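Values below: every heavy atom of this structure, side chains too, minus hydrogens, waters and symmetry copies. Computed from a predicted model, the values in this text were never measured in an experiment.
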Protein chains: 2
Amino acid sequence: MKEAFKSLDGSRQYEIFAAAMAEFGEHGFKKASTNRIVKRAGMSKGMLYYYFDNKQSIFDDALDFALDHIENYMLYDITTKKEGFIERCARLSHIKYVYFKAHPEISKFITSVYFSDDLNEVQQERNAAFLENRQRILFDNLDMDRFRDDIDHQTAIKLVSWTINGYTQEMEHMMKAEGLDFEHFDEYFEDFDHYLAALRKLYYKEEYQ
Amino acid sequence: MKEAFKSLDGSRQYEIFAAAMAEFGEHGFKKASTNRIVKRAGMSKGMLYYYFDNKQSIFDDALDFALDHIENYMLYDITTKKEGFIERCARLSHIKYVYFKAHPEISKFITSVYFSDDLNEVQQERNAAFLENRQRILFDNLDMDRFRDDIDHQTAIKLVSWTINGYTQEMEHMMKAEGLDFEHFDEYFEDFDHYLAALRKLYYKEEYQ
DNA sequence: ATGGGATTGACCAGGGTGGTCAATATGAAT
DNA sequence: ATTCATATTGACCACCCTGGTCAATCCCAT
């Protein structure tokens, strides 16, 4: 990015990156259109190239911005207190979901990056570090003794995370179909608690249910 | 489609539809390119419009073809014998996976249709009927008494299907990352059995484990 | 040799692309 | 009021790709 962009108001920077990330998230790098980015951000074509060198550098800077943004958010909100794996998963899911509602463009952008495979080396390393960090947060300081003794811990971890991801995905799909609605939002989280209770009953020793 | 196409060799029809489905699956209707379809199918532009009226009718006919193809395949391979839900899910997953490896273009095409929302009414009905049929197959003639008594059946069904879907997705993601490999294929299914055994231990009464 | 279906690919108008740039608008300092 | 640097515009460029057409071939059974 050029100096002109750096000296911009933080919220304006966010708006512009948001426009770019939404476009890249929906269409991928190649088929993303700078004209649509410009329209989304409410600015003229000339301005975009007054702020950035070219399309590629818009993408690169947006990716940097997105990863930083998520990492800051997560760092702020996460305390890895000792807890069971089910509780940890549930908490992370919840955080993720709140973040998704607050910053859908960033979430979608990062998701599309995760599934694409045309990142350069630097970006791949950056992204790998990001994912590793997520794993660390997910597994740090867990109380694994809550799991039933007759089930392997690693197996239980896999099963539980698949289950909770499945719930999350179904939720997203429902939301997308019906349009996301804050009334339903709470309903869904009541359901979530119900399923979490069931999971505890299935996977945990009696004293932890 | 025009008469010329109908009188084509069945395998050639498949090739052409496969090219179209691959293109539509990757790019969606609007951004799909008839030029790329033509290239994929190894034919000239003129030929495509000798077979079909226009881009839309290519899509329509491909969708018909895909749904018919899947339904025939499933009908042939599925006997809904009495079994537990875990076994049913596992079997359907396996069938789905084998089908995916045999006909990836069809699978991806149908998946993209499932997530898109620009189907016309007739297609929506057709697709709804298709999904309903899948649900029927999934739930027909189940032995629900295998589930532990202290867990609600509907809850168990949800949890188990989320879990198994999660496993399937992880498998797909791994395959995509490493390139699908038949050696690994079998490994994965050994793992699968391991996880199924764990699920039975968690969800079933002792006598059904 | 002829007729007719199969097949080609150059071609079209139209629209979108990433990127440029001369022209202006703005606003603070003089 | 003038100056001057910075902010901002959108028309414009050459290029590429689009869905679709069609005159020209090719192929082969008669």
Select from Arg36(A) and Asp53(A) the residue whose nearest nucleotide in DNA chain C is closer to the 5' end of that strand. Arg36(A)

Selection from dG9(C), dG20(D), dT17(C) that lies nearest to any side-chain heavy atom of Asn35(A): dT17(C)

Measure the distance from NE2 on His27(A) to C1' on dT17(C) and round it to the nearest whole Å. 14 Å

Please compare Gly46(B) and Ala4(B) by the position of their nearest nucleotide in DNA chain C and report the one closer to 5'. Ala4(B)

Expressed as a whole number of angstroms, how long is the span from Gln56(B):CD to dG19(D):P? 12 Å

Rounded to whole Å, please give me the gap between CE in Met43(A) and P in dT6(D). 19 Å

With a 4.0 Å cut-off on heavy atoms, is Lys45(A) in touch with a base, just the backbone sugar-phosphate, or nothing at all? base

Counting side-chain heavy atoms from CB outward, which of dT7(C), dG19(C), dT8(D) is closest to Tyr50(A)? dT8(D)

Describe the nucleic acid contact of Tyr51(A) in one word from base, sugar-phosphate, nothing, applying a heavy-atom distance below 4.0 Å. sugar-phosphate

Atom CD of Glu3(A) and atom C1' of dA5(D): how far apart are they, to the nearest Å? 16 Å

Run the ring-centre check on Phe109(A) versus His103(A) and record whether the distance is less than 6.0 Å. no

Compare the minimum distances between each of dG19(D), dG18(C), dG9(C) and the side chain of Lys55(B), then state the nucleotide with the smallest one. dG19(D)

Report the distance from atom CE of Met47(A) to atom P of dG18(C), rounded to the nearest whole Å. 19 Å

